[in-house]
Amino acid sequence: MKGYFSRVYQLVSSIPYGKVATYGQIAALLGDPRGARTVGWALHSNPDAGRVPCHRVVNRKGELSGGFAFGGVERQRSLLEEEGVHFLPDGRADLERDLWRPG
DNA sequence: GGACTGACACTGG
DNA sequence: ACCAGTGCCAGTC
């Protein structure tokens, strides 16, 4: 797998149970605060579902990819709720509450 | 090797 | 605060 890819997968896989992270944050942790797109794209191009908990990765709004991944946003929300991630009435994950904060 | 694409993020109005 | 436009990086064709 490509270097950047591997790094993204490893970092996403590093997200603790019941936590969610944003693409920008992952990109920043990789050293590229501008690589948010690349991060999300990496998960899109290679959705290693089962190895990488891409369902714990959300955009800066706390929303999911859209509905073509994981089999549906509903699936996404259920998984996160099962892990203990709280959701807002807007349908977005409560980043203020369950955003992954390394350090 | 060049150009286009893409699960985002930020700035400006 | 919200909508629209631009920038970014890496991969694929």
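Per chain, numbering begins at 1; letters A, B, ... match sequence-line order.
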Atom-pair distance ([atom1] on [X]; [atom2] on [N]), nearest Å:
X: A/Y23; N: B/dC10; atom1: OH; atom2: P; answer: 15 Å
X: A/L30; N: B/dC8; atom1: CG; atom2: P; answer: 16 Å
X: A/L64; N: B/dC8; atom1: CG; atom2: C1'; answer: 14 Å
X: A/R60; N: B/dC8; atom1: CZ; atom2: C1'; answer: 10 Å
X: A/W41; N: B/dG6; atom1: CH2; atom2: P; answer: 10 Å
X: A/Y4; N: C/dC9; atom1: OH; atom2: C1'; answer: 6 Å
X: A/F5; N: C/dC9; atom1: CZ; atom2: C1'; answer: 12 Å
X: A/I26; N: B/dC8; atom1: CD1; atom2: C1'; answer: 11 Å

| request: Can you sort out the partners of A/R92 under side chain to side chain donor-acceptor pair (under 3.5 Å), two or more places apart, ordered by chain and number? | output: A/E63

| Partner residues of A/D32 under the side chain to side chain donor-acceptor pair (under 3.5 Å) criterion, sequence neighbours left out | A/Y4

| query | Ion pair present between A/E83 and A/K19, side-chain N to carboxylate O less than 4.0 angstrom? | reply | no

If you compare all heavy atoms of [X] against all heavy atoms of [Y], which two are closest, and at what distance to 0.1 Å?
X: A/S45; Y: A/F5; value: CB-CZ, 4.2 Å
X: A/L43; Y: A/C54; value: CD2-CB, 4.3 Å
X: A/L95; Y: A/R60; value: CD1-O, 3.4 Å

| said: Would you compute the distance between atom CD of A/Q76 and atom CZ of A/R56 and round it to the nearest 0.5 angstrom? | reply: 10.0 Å

| request: Among the candidates C/dC9, B/dA9, B/dG6, find the nucleotide nearest to the side-chain atoms of A/H44. | output: B/dG6

Are any protein N/O atoms closer than 3.5 Å to N/O atoms in nucleotides 3-8 of chain C? If there are, list each pair with its distance.
none

| task | Sequence neighbours left out, what passes salt bridge (charged side-chain N to carboxylate O under 4.0 Å, His left out) with A/E74? Give chain and number order. | result | none

| field | Of all pairs that satisfy side chain to side chain donor-acceptor pair (under 3.5 Å), the ones with a partner from residues 93-103 of chain A, not counting sequence neighbours | value | none

| How does DNA chain C read in dot-bracket, base by base from 5' to 3', with Watson-Crick or G-U pairs under 3.5 Å and | used when the partner is on another strand? | .||||||.|||||

